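Step one of this worksheet: look at the structure below.
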Amino acid sequence: QKEVEQDPGPLSVPEGAIVSLNCTYSNSAFQYFMWYRQYSRKGPELLMYTYSSGNKEDGRFTAQVDKSSKYISLFIRDSQPSDSATYLCAMSANDYKLSFGAGTTVTVRA
Amino acid sequence: DVKVTQSSRYLVKRTGEKVFLECVQDMDHENMFWYRQDPGLGLRLIYFSYDVKMKEKGDIPEGYSVSREKKERFSLILESASTNQTSMYLCASSSQTGLSYEQYFGPGTRLTVT
C-alpha cells in the first residue's frame, strides 16, 4: 500500500465549476500538508500548504485537512481554463522530505 | 525568483551507457533532491542532499548515484542505464530555514533509454 493515495482522475469540468481533489494517507506522523500544481512541461510549484488539521483559503482555492480520517482535500471554486494542470498532494512529518500522491490531471473546458 | 535549472530537457541514451543529469539552483539552498516521475506513481525520491558532499538515499536509489561537490549543483548519475530508467527526472531544492517543505523544482529532464 502506498503511503499517499490520490484519486487518479483525470477530471474534466466546465468553466465555473467547483473542482474537488482528494488524498488519503497512512502515516500518522505527517503534520504538513501541501498541494503542488504542475503545468504541462513544467516542474511542480507549491500552491497551498496547511499545518495539522483545519481549513485554509486563498482566493478561489480552499485546502482542508482531517487528520482523524487521514484525508485531505483541495477545492477550486469558479474554475478557469488556466487552472488546467496536474495537482499533486504532498505531505511531510518533521523533516524536509515530502511524500507525494500520484497526481490528478484537471482540464477546465471553456 | 528561485531558479532551478536542469542541463537537458530531453535525453536519449542507449542501454548500458553512463548518464549524467545536472541540476543547478541559484538560491543558496541547503537541500537538493532528485525525483523521478512516472504516470500513476507520482514523484518518487531517488536521493537527496542536505549539505555539500552529504547525501541520503531516498525511496528508490537502486541503479543511481549522486554527487554534490558545490552547494548549488547536484548531479544524478545512472551508472549503466537500463530501459526501466526511462522516465521524467525532476530536481528540486529547498531551504533549511523558513518553509523547508517548500521545494522549488526544475523543468525536468525526459530521459529515454533504448
Side-chain angles (χ1 to χ4, degrees), chain A residues 1-11 21-27 29-52 56 58 63 65 72 74 85-106, chain B residues 1-10 21 23-25 27 29-51 54-61 87-110:
Chain A
Q1 186 190 2
K2 291 182 193 173
E3 204 170 36
V4 180
E5 299 274 4
Q6 182 171 359
D7 291 346
L11 283 180
L21 303 167
N22 308 294
C23 288
T24 58
Y25 62 95
S26 57
N27 187 347
F30 288 147
Q31 295 189 72
Y32 300 92
F33 302 91
M34 288 136 274
W35 288 94
Y36 279 76
R37 178 175 60 194
Q38 184 177 21
Y39 289 115
S40 180
R41 292 187 293 277
K42 302 274 190 184
E45 57 181 356
L46 182 66
L47 182 62
M48 293 190 72
Y49 77 93
T50 311
Y51 172 71
S52 194
K56 186 169 184 177
D58 184 2
V65 175
I72 73 170
L74 177 71
T86 297
Y87 291 82
L88 301 128
C89 61
M91 309 175 187
S92 179
N94 289 331
D95 56 26
Y96 39 80
K97 288 169 61 177
L98 303 184
S99 295
F100 284 87
T104 303
T105 298
V106 174
Chain B
D1 234 17
V2 176
K3 197 144 187 195
V4 178
T5 55
Q6 295 183 228
S7 50
S8 306
R9 292 303 303 270
Y10 300 94
L21 302 182
C23 175
V24 178
Q25 51 95 3
M27 276 301 290
H29 284 168
E30 296 84 1
N31 304 326
M32 295 190 75
F33 307 82
W34 275 107
Y35 295 91
R36 63 177 284 176
Q37 185 174 27
D38 300 287
L41 297 177
L43 273 72
R44 292 180 292 167
L45 182 65
I46 304 171
Y47 268 97
F48 72 98
S49 168
Y50 51 88
D51 201 352
M54 306 303 289
K55 61 187 179 185
E56 282 197 26
K57 293 180 180 179
D59 300 319
I60 51 165
S87 186
M88 172 69 82
Y89 289 88
L90 289 162
C91 174
S93 71
S94 70
S95 171
Q96 289 182 4
T97 57
L99 304 179
S100 59
Y101 47 81
E102 181 170 11
Q103 295 187 8
Y104 294 84
F105 285 84
T109 296
R110 183 163 295 281

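All of these numbers come straight from a predicted model, not from anything done at the bench. Note: hydrogens, waters and symmetry copies are ignored here, and every other heavy atom, side chains too, is used. Sequence lines set the chain letters: A, B, ... in the order given, protein chains first and strands last, and positions in each chain run from 1.
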Checklist entry - Please walk me through it: do A/E3 and B/D59 pass side-chain contact (heavy atoms from CB on, under 4.5 Å)? => result CA-CA 12 Å; A/E3 204 170 36; B/D59 300 319; over 6 Å; no
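Residue contact with chain A, scored on non-hydrogen atoms closer than 4.5 Å, is absent for B/Q6. With a threshold of 4.5 angstrom between heavy atoms, A/Q38 approaches chain B through side-chain atoms but not through N, CA, C or O. Only the side chain of B/L45 has a heavy atom closer than 4.5 Å to any heavy atom of chain A. Neither the backbone nor the side chain of B/R110 has a heavy atom closer than 4.5 Å to any heavy atom of chain A.
The two atoms that bring A/R41 and B/Y10 nearest to each other are CD-OH, 4.0 Å, heavy atoms only. The shortest heavy-atom contact between A/A102 and B/G40 is CB-O, 3.5 Å.
The salt bridge (charged side-chain N to carboxylate O under 4.0 Å, His left out) pairs that include a residue from residues 33-42 of chain B are B/R36-B/D38, B/D38-B/R44, where partners are two or more places apart or lie in different chains.
The only option from B/F105, B/Y104, B/Y35 that meets the side-chain contact (heavy atoms from CB on, under 4.5 Å) definition with A/P44 turns out to be B/F105.
Rounding to the nearest 0.5 Å gives a distance of 10.0 Å between CD of B/E102 and CD of A/E45. Atom CG of residue A/L98 and atom OG of residue B/S94 lie 7.5 Å apart, to the nearest 0.5 angstrom.
Interface remark: of the candidates B/L90, B/L41, B/N31, B/N31 forms the most heavy-atom pairs closer than 4.5 Å to chain A.
A/D7 meets the salt bridge (Lys or Arg N to Asp or Glu O under 4.0 Å) test with no other residue; sequence neighbours excluded.
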